[in-house]
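The sequence lines fix the lettering, A, B, ..., with proteins before strands; numbering per chain opens at 1. The figures that follow rest on heavy atoms only: side chains count, while hydrogens, waters and symmetry mates do not. What you see is a predicted model; the values in this text were computed from it and never measured.
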Amino acid sequence: MKSVIIGIGNPNFKDDGVGLKIVEHFEGVVDTVTLLNIGFNLIDSLLGYEKALIVDGVKTGAEPGSIIEFDVNFWGNVYASGTHNFSIFEIIRIGYSVFPEEMPKEIKIIGVEVEDVETLSRECSPSVESAIPLAISKIKNYLGLQ
Amino acid sequence: MHYTASVKAADGVYGVEPTPTAKKIRELFYNAHYVEDHTGILYALGFPDFVCGPTASPAERNLVGLVLKVGADVGKLVLKKRYSAVKIFELTSGRPSHPVAALPGGWSKRITEEERKEILACADDCVELAKLTLDVFDKVVLQNKEYMALVTGDVYKVVSNYIGTVDENDKVTYYDGTQKIVDTKGNELGRFKGIQYLDYIAERTLPWSYQKAPYLKKLGWTGLVDGDGTSIYSVGPLARFNVASGFDTPLAQEAYEKMLAAFGGKPVHNTLAYHWTRAIELMHAAETVKKIASDESITDPNIRQELGTPVGEGVGIVEAARGVLIHHYKTDDKGIVTDANLIVATTHNKGPMNIAVKRAAQSFIKNGKVDEGILNLVEIAYRPYDLCFACSTHTLPGRIPVRIDIIDHNGDLVKSLRNYELS
């Protein structure tokens, strides 16, 4: 099954780079994409794949380092209006509306709860760094790479 | 946009100009970015207010709602043709996003003849996308009397000065040029380049905001008020329309003249016209991409100047899609930045946006009645400025939380509206 792993984040803002660090582990194993921000480029990255996994830092109020998985059902709760920004869920929804045949049949979003996304650093917080092995394991399991 | 402003500032730090070919490639890359950026803003954030209706619920008033109204085929065409602009990024800068080619005094990726031809084909797609967009705008907005009343009316109107970038013929340009200032009546107040911005723009710190409020230095601080005599100014597509004498490409110029005739002259202070000018600029950028890609000299391999010792200071100014963007660096003798100042479009527009929100709120909130539809009517007031909060929204759910408190004349809270859920 043709799969892609997409990491989203800014490597210069501490925990915001966690998605990119996780994706690094899969380079050369499956197709990988890194995005610093979200726009239609997310759709560009998804088209043509059967299975996709998106990895990003999230803020849900959980303990930093918690792994939170999202699926398509989350989309219904997301407002779409904004000023300059897009949400992952809205962009994916747009992708399915416009390219129903070319979008992946399965998309999973793995979120790692962040602690600090404002400090200029390429190192994650210890709590977030320690979550990376578990996130990698979950992704391997999901993609059947174990 | 920051990428290009930054490399121009770095040119200044090293006291070099890019080679002619490098400059052309940078401009090609930059205009392709305009196509992609304006497309996203128009279809995802601007058009839904009109196509789905300004008071439609947020669940419907979005790009998905827009696709449902105008048809999936149009949506597919827009996104496919927009991808041609992304392809040009890749061909000119090495990557489809987050380019890796800028160098002080040049550009690291040359363009082969084969790539030039591919870019030319992509440019045709960009022009087609722009035609489609102007057509959608015409059908959805210009032919709708109710919407045109909103576009040309007084509610969404901020009377300010304007700053925009023009070329040597006073036409709109984005990568390089001279920053021109006009007053509320369209009279020229001055022009500046590079470090001269310090003579024309001052930044005021406000006790109630983390964001500074720029104003025209020579007019002095007049407060956040609009009208004749104010020192606040606007930037962005409408500002460029107001300061320039038109566009240097035929289809954009045609669209410019149509808008000029509709308003009966300039300056236009109606903020919803930002969307109209954005659609015109989409055409201009697409035509410019085609013009540059038609020039066979862009395949010249001479794309990098030799660098000497840093001179220690550089200012890079570009017209970002949402307005004038200034990067100003000071460095040590190794070129390491020791001091930096950035003035971005959202900062330039701070005064006008605050006035726009206040005016919309005063116009729509009557007798204490407020609801979600009114919340959006207020959002519409600032959306045309295309606020750049992306850096703060890289984490889920990736949207701007907005809360509006309605306070009565005694200062008591009447009602609070928000577009997010409390956790």
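Within 6.0 Å of the CG atom in D73(B), the count of heavy atoms belonging to other residues, nucleotides or ligands does not exceed 12. By the neighbour-count criterion of 12 heavy atoms within 6.0 Å, atom NZ of K108(A) is densely surrounded, having more than that number from other residues, nucleotides or ligands.
Under the 4.5 Å side-chain criterion, counting only non-hydrogen atoms from C-beta, N41(A) is not in contact with V86(B). L79(B) has its side chain out of reach of D44(A): every pair of non-hydrogen atoms, C-beta onward, lies at least 4.5 Å apart.
Here the closest heavy-atom approach between residue F40(A) and residue A44(B) is recorded as CZ-CB, 4.3 Å. Heavy atoms only, all atoms of each residue included: S97(A) and A72(B) are closest at O-CB, 4.1 Å.
Contact annotation for I43(A): only side-chain heavy atoms (C-beta onward) come within less than 4.5 Å of a heavy atom of chain B.
Salt bridge status for K80(B) with E102(A): present, with a side-chain N to carboxylate O gap under 4.0 Å.
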